[in-house]
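If you read the sequence from its start, that first residue is 1, and numbering goes on from there.
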Amino acid sequence: MSLSNAEEQLMQILWKLDKAFMKELIEAYPEPKPATTTVATLLKRMQDKGFVDYVQYGRSREYFPLVKKNKYFSKQVNGMIKNFFNDSAAQFASFFTQETDLTQQELEELKKLIDERLKSQK
């Protein structure tokens, strides 16, 4: 299951804060800040999807993520590779290296990462 753009923006804030009350979440948004009801609706949808939960303290709720950022991002990237690149990491890498403005240094760093990964798999 995936998040809408608005939910993903809120999730990014929650990952950064690790846990937060409604007031802290709204304060972390850039201007213009969303209404409390908007954030409450997003949190409810994200809770229904299994992305967040909360601990109740009196009348206040402290929200926290149930899904780790790297796990979510990994699923998103794998889904994109499957849906847009015929499930081919090579096609994705080809597109990524040709269609982005990577510097020579960035390409060298990518090559180094791939070489290190290949060494670790032997």
Side-chain angles (χ1 to χ4, degrees):
M1 194 171 296
S2 62
L3 298 169
S4 69
N5 288 342
E7 292 167 344
E8 198 169 287
Q9 182 183 20
L10 179 53
M11 197 70 190
Q12 291 284 359
I13 292 169
L14 199 50
W15 279 321
K16 185 177 180 182
L17 297 175
D18 194 41
K19 57 186 176 180
F21 292 97
M22 178 69 72
K23 182 180 177 190
E24 296 166 320
L25 291 170
I26 293 171
E27 286 173 359
Y29 268 91
E31 292 292 343
K33 299 199 183 291
T36 302
T37 54
T38 301
V39 177
T41 300
L42 292 172
L43 287 166
K44 175 67 174 126
R45 288 195 320 221
M46 292 162 63
Q47 185 182 3
D48 291 344
K49 291 179 180 182
F51 282 92
V52 301
D53 206 353
Y54 63 87
V55 176
Q56 189 86 32
Y57 296 101
R59 295 181 60 192
S60 298
R61 295 177 176 179
E62 185 176 42
Y63 294 91
F64 58 91
L66 293 174
V67 176
K68 297 208 180 299
K69 185 177 183 176
N70 61 343
K71 185 170 184 169
Y72 177 75
F73 185 67
S74 176
K75 278 191 170 191
Q76 293 300 105
V77 170
N78 285 327
M80 185 176 61
I81 290 170
K82 181 178 183 180
N83 294 328
F84 294 103
F85 299 98
N86 300 317
D87 211 10
S88 169
Q91 283 184 19
F92 170 73
S94 175
F95 176 85
F96 178 73
T97 56
Q98 291 176 15
E99 299 298 325
T100 56
D101 294 327
L102 297 173
T103 65
Q104 179 73 27
Q105 181 180 351
E106 289 170 324
L107 287 167
E108 291 291 336
E109 288 172 9
L110 283 173
K111 183 179 182 304
K112 182 180 176 185
L113 289 170
I114 292 169
D115 288 343
E116 288 172 3
R117 179 79 172 147
L118 287 169
K119 284 180 188 176
S120 72
Q121 288 187 343
K122 288 183 180 178

Donor-acceptor contact below 3.5 Å, side chain [X] vs main chain [Y]:
| X | Y | result |
| --- | --- | --- |
| Glu116 | Leu113 | no |
| Gln56 | Gly58 | yes |
| Trp15 | Val67 | yes |
| Thr41 | Thr37 | yes |
| Lys33 | Tyr29 | yes |
| Lys69 | Gln12 | no |

query = Can you name the nearest heavy-atom pair linking Ser2 to Glu7, along with the distance?
reply = O-OE1, 4.4 Å

inquiry  = Would you say that more than 12 heavy atoms from the other residues, nucleotides or ligands in this model lie under 6.0 Å from the CD of Gln105, or not?
reply    = no

query = Hey, is CZ on Phe84 packed in by over 12 heavy atoms from elsewhere, all under 6.0 Å?
reply = no

inquiry  = Between Ile13 and Tyr72, is there shared hydrophobic-cluster membership here, with clusters defined by ILVMFWY side-chain heavy atoms closer than 4.5 Å?
reply    = yes

query = Any link between Met22 and Leu17 through a network of hydrophobic side chains (Ile, Leu, Val, Met, Phe, Trp, Tyr) touching at under 4.5 Å?
reply = yes

query = Testing Leu66, Leu43, Leu3 for side chain to side chain contact (heavy atoms under 4.5 Å, CB included) with Phe51, which one passes?
reply = Leu3

key: Lys111 with Asp115: basic N within carboxylate O range, under 4.0 Å   = yes

